[in-house]
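The structure appears below as structure tokens.
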Number of protein chains: 2
Amino acid sequence: MAYRPTAKTKQHRIERFDTLLTAALAIVTKEGFQALTISHLATKVGIATGTIYKYFDSKAQLCSEVFKMATKKEVEKVKLASFPNQKINYETRLTNAVTIFADRAIRSERLAYALIAEPVDPTMELERLKYRKAYAGIFAQLINEGIVAKEFPQQNANISGAALVGVLAESLVTPLGQGIKISNAIELISSIRTFCLRAITGVTKHQQ
Amino acid sequence: MAYRPTAKTKQHRIERFDTLLTAALAIVTKEGFQALTISHLATKVGIATGTIYKYFDSKAQLCSEVFKMATKKEVEKVKLASFPNQKINYETRLTNAVTIFADRAIRSERLAYALIAEPVDPTMELERLKYRKAYAGIFAQLINEGIVAKEFPQQNANISGAALVGVLAESLVTPLGQGIKISNAIELISSIRTFCLRAITGVTKHQQ
DNA sequence: TTAACAAGTGAAACATGATTCACTTTTATT
DNA sequence: AATAAAAGTGAATCATGTTTCACTTGTTAA
């Protein structure tokens, strides 16, 4: 008998897996999924293409992992804004959630665009759908609670939740993908926030 | 000297061009852009792949033409609802525009999904952007006029217009793409309409 | 009926990546 | 050392289409 994996070996495997994922995410963040090819990744990490297949079954799986990794963090932030530890009224929560989303999207280079709007192959589209649904679900729950608390008018919370995702995607993320420089982020976020609030509450708070 | 194209010849060319475009649109309507390949189209029309290149420079151009063709008709309908010949108040116009869009999307099999949300290659994404912008532009103008008429509250009409496109895409078209059968279209359209109206006017008319 | 050109053909060449696999290198055990 | 197993390699192969092009067929005018 002979070889057996040791702690050190296993550690190295984990580290390399991590390196690959991180490098892949970096590519996506800078250049989008469109630029995430096996050979590009291999070159970037300084290994052979074949090696990547010792860590991932397929490119689809690699993409999926990258997606999940990026997603998790983003969704968590919005969830926290929507369901904070303190008691905060629902209108403020909604405001915060939308603001956090918008703010992070603007700061994220191409990442928000890659996750939400960049054209990708149909396999990944399913992953993306989950991502959008995660947001929509958070919003829906927030809206539902707001309705119960009599803060928001009666409405179909699921549809309103999905609609908010659409609003954010179309008014914020798609422009980001066009390489349009956001000349006045504050103003843009403010307008989107006003729209979302009015859409859910029916009231325009601060005339802009 | 010898050959010169005649009226008959030219006519035939036009007809074939038309046949190709129509067949391509049929494919997209049934199975999406994903199914629109040169050889599929050639087979369907009963000609050789090479022949198609006598009518279109490239697949990109073919797709673009199909897109324009489908787009034109759709946008026209929404435009007409938004700017009718008679004097109608802006809230009603908005209601009509949203309803027309939703109704046509639901009836259109996969077409609405193909035009708005189906993953396509980046070349076509530009074409699609124009399409979305066409809608956003119509909505923006409608909203602007509504503001001037003091019917709608002050708001950034361009952002509100884009946001409405996002709402429709996310709450209606994306589900259509999932092959989800709309069990209750009336109810769905009604919810979306209510959302859009509240988002723009700030008022919930009919509590649902 | 033939010269001149357009329309049509479809097999072969291209393009773009993903994926495989026979082989080399490294690591661990006896 | 000798052996076993995993990690790593990268050129070759596959998969999916698009696009070309030498060639055949159809059409028109002289």
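Order of the sequence lines fixes the chain letters, A, B, ..., with proteins taken first and strands second; residue numbering starts at 1 for each chain.
- Rounded to whole Å, the distance from NE2 on A/H40 to C1' on C/dA18 is 16 Å.
- The salt bridge (Lys or Arg N to Asp or Glu O under 4.0 Å) contacts involving residues 51-74 of chain B comprise B/E74-B/R104, where partners must be two or more places apart or lie in separate chains.
- Not counting sequence neighbours, the partners of B/Y131 by the ring pair (Phe, Tyr, Trp, His ring centres under 6.0 Å) test are B/F67, B/Y135.
- Here side chain to side chain donor-acceptor pair (under 3.5 Å) pairs that include residues 28-40 of chain A, with residues two or more places apart or in two chains, number zero.
- Using a 3.5 Å distance cut-off with no hydrogens or angles, the side chains of B/T95 and B/T92 do not pair a donor with an acceptor.
- Ring pair A/F152/A/Y90 is perpendicular by interplanar angle, where above 60° counts as perpendicular and below 30° as parallel.
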At under 4.0 Å between heavy atoms, how does the protein contact nucleotides 5-13 of chain D? Give one character per nucleotide, 5' to 3', with B, S or -. BSSBBBB--
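- Within the structure, salt bridge (Lys or Arg N to Asp or Glu O under 4.0 Å) contacts touching residues 159-176 of chain A (residues at least two apart or in different chains) are A/E170-B/R132.
- Looking only at atom types and distance, the side chain of B/T9 has a donor-acceptor partner in the side chain of B/T6 under 3.5 Å away.
- When the C1' atom of C/dT29 is taken as reference, atom NZ of A/K8 falls 14 Å away, rounded to whole Å.
- The cationic atom of A/R13 (NZ for Lys, CZ for Arg) lies less than 6.0 Å from the six-membered ring centre of A/Y55 and within 45° of the ring axis.
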Where do N or O atoms of nucleotides 15-18 of chain D meet protein N or O atoms at under 3.5 Å, pair by pair?
residue, atom, partner, partner atom, Å
D/dT18, OP1, B/K59, NZ, 2.9
D/dT18, OP2, B/I38, N, 3.0

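- Distance CZ (B/F17) to C1' (C/dA7): 16 Å, rounded to an integer number of Å.
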